[in-house]
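Just so you know, these numbers use all the heavy atoms, side chains as well, and skip hydrogens, waters and symmetry mates. From a predicted model like this one, the values you see are computed outputs, not experimental measurements.
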Amino acid sequence: MCLGIPGRVIEVGRERDLLMGKVDFGGVARKVCLEHVPDAVPGDYVIVHVGFALSKLDEQEARRVFALLEEMGRLEGGAGQ
Amino acid sequence: MKFLDEYREADSVQRLADSIARTVKRPWTLMEVCGGQTHSIVRYGVDRLLPPQIELVHGPGCPVCVTPLETIDRAHAIASQTGVLFCSFGDMLRVPGSHGDLLQLKSAGCDVRIVYSPLDALQLAEAHPERRVVFFAVGFETTAPANAMAVHVARKRCIANFSMLVSHVRVPPAIEAIFQSPDNRVQGLLGPGHVCTVMGTSEYEPLARKCGVPIVIGGFEPLDLLEGIWMTVRQLEEGRAQVENQYRRAVRPEGNPASLRLLQEVFETVDRKWRGIGTIPASGFRLREQYHAFDAERIYGVGDLRTEESTVCISGEILRGLKKPPQCPAFGKECTPETPLGATMVSTEGACAAYHAAGRHLPGTPEKRSAS
């Protein structure tokens, strides 16, 4: 139930008293409430749960595990030589 | 899709599984808290990639599963009333109460609707001022800010025909109850990533310290789960019990300040009963006094409804990590997703339902690959 899907913000605007936006999920766009990530701008990636963006995704942090994997690969390669 | 596909890539997954195998020296029992994590572990067979020393047990983090029977019965009592338009997330509709599920009520002619967002329920209330719209507000801290926003906006816009039946639950008190139980088996914990996007990680620090259990806040994709398990095993092997954050791309230590402010304004903590476990102190949210006019439990007078659980099922032990689904004599026999006997079979995120969907009730499906 705590399912959160990453998507890219493509539009930001106000709808009456709420900060809303459009988020693209791999080709499918949905209306999402952005009240909890008020600094989100088009191009940002957010995690969306029950029609609300929960948090912005940090691209630098997202790359961390891949750098770690690369390092592991390098060490393994080194150990094998 | 970006932020999904790369976290499911087979070579990377295998490389992390190999690191875990190299790190582990002794047997350890780890628990993943979240139903979403359980679902992902069983779906991708993450548990079968682990070395034989590591056992994964499945935690209580499925809000649909732990919503108590009497709350389902309260939902029924409200949804059956004339003029009520009852809105719920789809996964609550099939959960059996004492007198069937909400879907059956819908086929019997009651106006029960599935909504994607709590704001959809609010919109229905504005579009149908002649109807009384009730939203079934369940979920963990992940869902609570969205539901809080719906009732906050209802109050601001004076939408008098909108109310919420609230049964929110909080993760940390349930974890503490599990850790402090005399029969606890859990030595390391994969913490709930999306709950922590809202709440941050500070609530888990005293838990790790007090109970001596390492807690790694983790994501939901195979790579996240394996990295989280690896970080937990490293702590255990090094004799540490700290809070670490594997899911840093989404979770900040301080959580989400806007969500936290709203939660504080709308909800207060309350003792809450968990299906299969019992009452856990301070483990729930209820509406604060200034929101009582939107509290369906008060409006419809269903607060006193009490019911008893079936005694056959072992979901209570499964939710506390003491047993696993195949250890239940009813699993896959009289208890199936179509005829669930208890908490962990009622939602697709429940451990029993996840095992059943992966065919693990069938003969010849090993719990884990051999160590070779």
Tell me, do L119(B) and F52(A) make a side-chain contact under 4.5 Å, heavy atoms counted? yes
Is it the case that atom CD in E126(B) sees more than 12 heavy atoms from other parts of the structure closer than 6.0 Å? yes
Under 4.5 Å from a heavy atom of chain A, the part of R157(B) involved: side chain
To the nearest 0.5 Å, atom CG of L3(A) lies from atom SG of C34(B) at 10.0 Å
Quick one, K2(B) and R8(A) - any side-chain contact, counting heavy atoms below 4.5 Å? no
Distance col, row H36(A):NE2 vs L263(B):CG, nearest 0.5 angstrom, shows 7.5 Å
Of all residues at least two apart in sequence or in a different chain, which pass the salt bridge (Lys or Arg N to Asp or Glu O under 4.0 Å) check with E6(B)? none
Within this structure, what is the CE-CD distance for the pair M149(B) and E35(A), rounded to the nearest 0.5 Å? 4.5 Å
Is it true that a side-chain atom of N256(B) and a backbone atom of S55(A) form a donor plus acceptor pair closer than 3.5 Å? no
Heavy-atom pairs under 4.5 Å with chain A: which of T197(B), N147(B), L262(B) has the most? T197(B)
Would one find more than 12 heavy atoms of other residues, nucleotides or ligands at under 6.0 Å from atom CD of Q60(A)? no
Crowded around R30(A) CZ? As in, over 12 foreign heavy atoms under 6.0 Å? no
Bottom line for S19(B): the part with an atom under 4.5 Å from chain A's heavy atoms is side chain
Out of curiosity, D58(A) CG to Y247(B) OH, how far, rounded to the nearest 0.5 Å? 12.5 Å
Can you say whether V153(B) sits under 4.5 Å from chain A via the side chain, the backbone, both, or neither, judging by heavy atoms? side chain
Identify the heavy atoms of A62(A) and F3(B) that sit nearest to each other, and give their distance. CB-CE2, 3.3 Å
Atom of A250(B), atom of L57(A) and distance for their closest heavy-atom approach: CB-CD2, 3.9 Å
What part of I47(A) gets closer than 4.5 Å to chain B, counting heavy atoms only: side chain, backbone, both or neither? side chain
Heavy atoms only, distances under 4.5 angstrom: which of D224(B), V198(B), L223(B) has the most pairs with chain A? Name it, please. L223(B)
Tell me, out of V46(A), L68(A), V32(A), who's got the most heavy-atom pairs with chain B below 4.5 Å. L68(A)
Could you check whether R249(B) makes a cation-pi contact with Y45(A), meaning its NZ or CZ is under 6.0 Å from the centre of the six-membered ring and within 45° of the ring axis? no
Scanning both residues in full, the closest heavy-atom pair of S117(B) with G51(A) reads CB-CA, 4.1 Å
Would you indicate whether the side-chain heavy atoms of E227(B) and R64(A) approach each other to under 4.5 Å? yes
